[in-house]
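These notes concern the structure reproduced below.
The basis for the numbers below is simple: all heavy atoms, side chains too, and nothing from hydrogens, waters or symmetry mates. Sequence lines set the chain letters: A, B, ... in the order given, protein chains first and strands last, and positions in each chain run from 1. Bear in mind the structure is a predicted one, so any value in this text is a computation, not a measurement.
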Number of protein chains: 2
Amino acid sequence: MRHKDIWNGLDKLAGHNGLSVSGLAKLAGLDPTAFNPSKRTAKDGRPRWPSTESVARALTAVGAGFDDFAALIEGKRGASAPLIGFAQAGNDGFFDDAGFPAGTGWDEVRFPGLGAERVYALEISGDSMEPVYRAGDRIVVSPDAQVRRGDRVVAKTVEGEVMAKLLGQKTDKTIELVSFNPDYPPRRFARGEVAWIARILWASQ
Amino acid sequence: MRHKDIWNGLDKLAGHNGLSVSGLAKLAGLDPTAFNPSKRTAKDGRPRWPSTESVARALTAVGAGFDDFAALIEGKRGASAPLIGFAQAGNDGFFDDAGFPAGTGWDEVRFPGLGAERVYALEISGDSMEPVYRAGDRIVVSPDAQVRRGDRVVAKTVEGEVMAKLLGQKTDKTIELVSFNPDYPPRRFARGEVAWIARILWASQ
DNA sequence: AAAAGAATAGGAATTTCAACCTATCACAAG
DNA sequence: CTTGTGATAGGTTGAAATTCCTATTCTTTT
């Protein structure tokens, strides 16, 4: 990270929120001239670096996280994407001509592997889980995540069998795992037979 | 980002590189006591924030990027996750006792929204797309992606209707969109009737 | 057990950042 | 045309971060 990157990131942070750098500084409760281009190098040409406190206040002012700032600096897209309800997608104003999000009303959704969870992915082979999962699909699962009835999960038995199922009834002693394919009957395991259950967070399509 | 986070990040940065905070400071060419716990709050209890210059020098000293630092602060895993084939998951040696990836043989899969692609997400409402998508699921779609027959896609007609379908036969003049639910017949559109088609990359589960 | 090195705590001096103030410029509203 | 607002440049002052220095604690080595 270089001196230029920090200021570039602050410029982008302001721009992405429809602000000038002075507007961003004001919003953050800082001096309006704090981020002025004229304040980025000292009179003797020495580069001036803002304190992390100033950066932190600017970030909280626009509701951005530190990861968002890193994304701006590194030129990456960031860890989130716009989100709206599927039912609203037909309304006008949500998309531009190319099919990208436009206008307001979009929420943000975070992607997997970027939260606190530890996750990994499994690649599906075979058609036993059609139509939900197809060969080549990748599912992202988190053993940390809480599992509830109805969740799609990956379970491993103490015998070593790994399967993707729908979590059915959980009692004190048994766990029911329902197949995606209704032709197969649900399977019921004693608690001790199941080594672990990991929730499926995402699936490639 | 809070005061605590910055120092926590520096602690982790040092720890991940087998250094103490004073060792990290020395390596960065700073005063060995620059990151001392005793220097993190002033005598009057006021929190002390390091300058971005000090952080930048610490990062370059260990060859880390700003995104790495953000990852340490946010406790994030990064932009990729381990990947193996589902068929191999039953073999021994791929998981530890807690159900996390262990040993070798794991590939890496990158997540959406982190590369050059422009993506966004849609939240599913209603049960018309069961069992593939359920209410509350979020699908991540990319209008940039190439679509092929068999892909799950979101399409918008020029009349404004948005739908998630399976891409069927594409001819020079028509596009067939197949419902996930086999009870509904496929729909056939003229090329001009379809405003855009975006491929579904991921779906939350 | 003794010695050497590293890590840390505490304080003073210095450097540097941030706030404050004023002036200029650009632009929009009346 | 005048007025008002926002953005920026430049300088001064006060506050805060960094360095420098010393002492103490802890670990490792001999």
Side-chain angles (χ1 to χ4, degrees), chain A residues 1-64 66 68-70 72-73 104, chain B residues 1-64 66 69-70 72-73:
Chain A
M1 181 180 55
R2 291 157 306 184
H3 172 253
K4 182 185 69 177
D5 297 327
I6 282 281
W7 293 111
N8 192 7
L10 285 169
D11 282 336
K12 286 185 181 170
L13 187 70
H16 282 234
N17 290 88
L19 297 165
S20 61
V21 281
S22 67
L24 175 64
K26 265 193 290 187
L27 195 67
L30 303 166
D31 187 273
T33 69
F35 297 148
N36 264 15
S38 63
K39 299 288 178 73
R40 298 181 186 184
T41 53
K43 276 176 290 189
D44 53 4
R46 177 179 48 81
R48 189 175 87 83
W49 298 71
S51 84
T52 46
E53 184 175 19
S54 299
V55 175
R57 289 175 75 169
L59 287 171
T60 52
V62 299
F66 201 68
D68 299 319
F69 191 59
L72 287 174
I73 285 181
T104 58
Chain B
M1 181 180 55
R2 289 158 306 182
H3 172 254
K4 183 185 69 180
D5 297 328
I6 283 280
W7 293 111
N8 193 7
L10 285 168
D11 282 337
K12 286 186 181 170
L13 187 70
H16 283 232
N17 290 88
L19 298 164
S20 62
V21 281
S22 67
L24 175 65
K26 267 193 288 187
L27 195 67
L30 302 167
D31 188 274
T33 69
F35 297 149
N36 265 14
S38 63
K39 299 286 180 71
R40 298 181 185 183
T41 52
K43 275 176 290 188
D44 54 4
R46 178 179 44 81
R48 187 175 88 84
W49 297 71
S51 84
T52 47
E53 183 175 21
S54 299
V55 175
R57 290 176 74 169
L59 287 172
T60 52
V62 298
F66 200 68
F69 190 60
L72 288 174
I73 286 182

From [atom1] of [X] over to [atom2] of [N], roughly how many Å is that when rounded to an integer?
{"X": "R48(A)", "N": "dG11(D)", "atom1": "CZ", "atom2": "C1'", "answer": "14 Å"}
{"X": "K26(A)", "N": "dA18(C)", "atom1": "NZ", "atom2": "P", "answer": "19 Å"}
{"X": "L24(B)", "N": "dT18(D)", "atom1": "CG", "atom2": "C1'", "answer": "15 Å"}
{"X": "H3(B)", "N": "dA16(D)", "atom1": "NE2", "atom2": "P", "answer": "13 Å"}
{"X": "R40(A)", "N": "dT8(D)", "atom1": "CZ", "atom2": "C1'", "answer": "11 Å"}
{"X": "W49(B)", "N": "dT18(D)", "atom1": "CH2", "atom2": "P", "answer": "13 Å"}
{"X": "E53(A)", "N": "dT18(D)", "atom1": "CD", "atom2": "P", "answer": "12 Å"}
{"X": "L10(A)", "N": "dA18(C)", "atom1": "CG", "atom2": "P", "answer": "10 Å"}

Exercise. So what does P32(B) hit on the nucleic acid, given a heavy-atom distance under 4.0 Å: a base, only sugar-phosphate, or nothing?
Worked result: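 P32(B): no heavy atom of the nucleic acid under 4.0 Å.
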For this session: Hey, can you tell me if W7(B) and H3(B) have their rings parallel, tilted or perpendicular (30° and 60° cut-offs)?
Result: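 The arrangement is perpendicular - the two ring planes meet at more than 60°.
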Exercise. Angle class for the F66(A)/F69(B) ring planes (parallel below 30°, perpendicular above 60°, tilted otherwise)?
Worked result: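 Perpendicular.
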Is [X] close enough to [N] that one of its side-chain N or O atoms is under 4.0 Å from OP1 or OP2 there?
{"X": "S51(A)", "N": "dA18(C)", "value": "yes"}
{"X": "R46(B)", "N": "dA17(D)", "value": "yes"}
{"X": "S22(B)", "N": "dT8(C)", "value": "yes"}
{"X": "S20(B)", "N": "dA7(C)", "value": "yes"}

Exercise. So do the side chains of V21(A) and K39(A) get within less than 4.5 Å of each other, counting heavy atoms only?
Worked result: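 They are not in contact (no side-chain heavy atoms under 4.5 Å apart), so the answer is no.
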Donor-acceptor contact present, side-chain [X] to main-chain [Y], <3.5 Å:
{"X": "N17(A)", "Y": "L19(A)", "result": "no"}
{"X": "S22(B)", "Y": "P32(B)", "result": "no"}
{"X": "D31(A)", "Y": "T33(A)", "result": "yes"}

Contact list (N/O, under 3.5 angstrom) for nucleotides 19-22 of chain C vs protein:
{"from": "dA19(C)", "atom 1": "OP2", "to": "D31(A)", "atom 2": "N", "distance (Å)": "3.2"}

For this session: Map V21(B) and P50(A) onto DNA chain C by nearest heavy atom, then report which one ends up closer to the 5' terminus.
Result: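 Looking at the nearest nucleotide for each, V21(B) comes out on the 5' side.
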Problem set entry | Residue pair A61(B) / A28(B): nearest heavy atoms and the distance that separates them |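 For A61(B) versus A28(B), the nearest heavy atoms are CB-CA, 3.7 Å.
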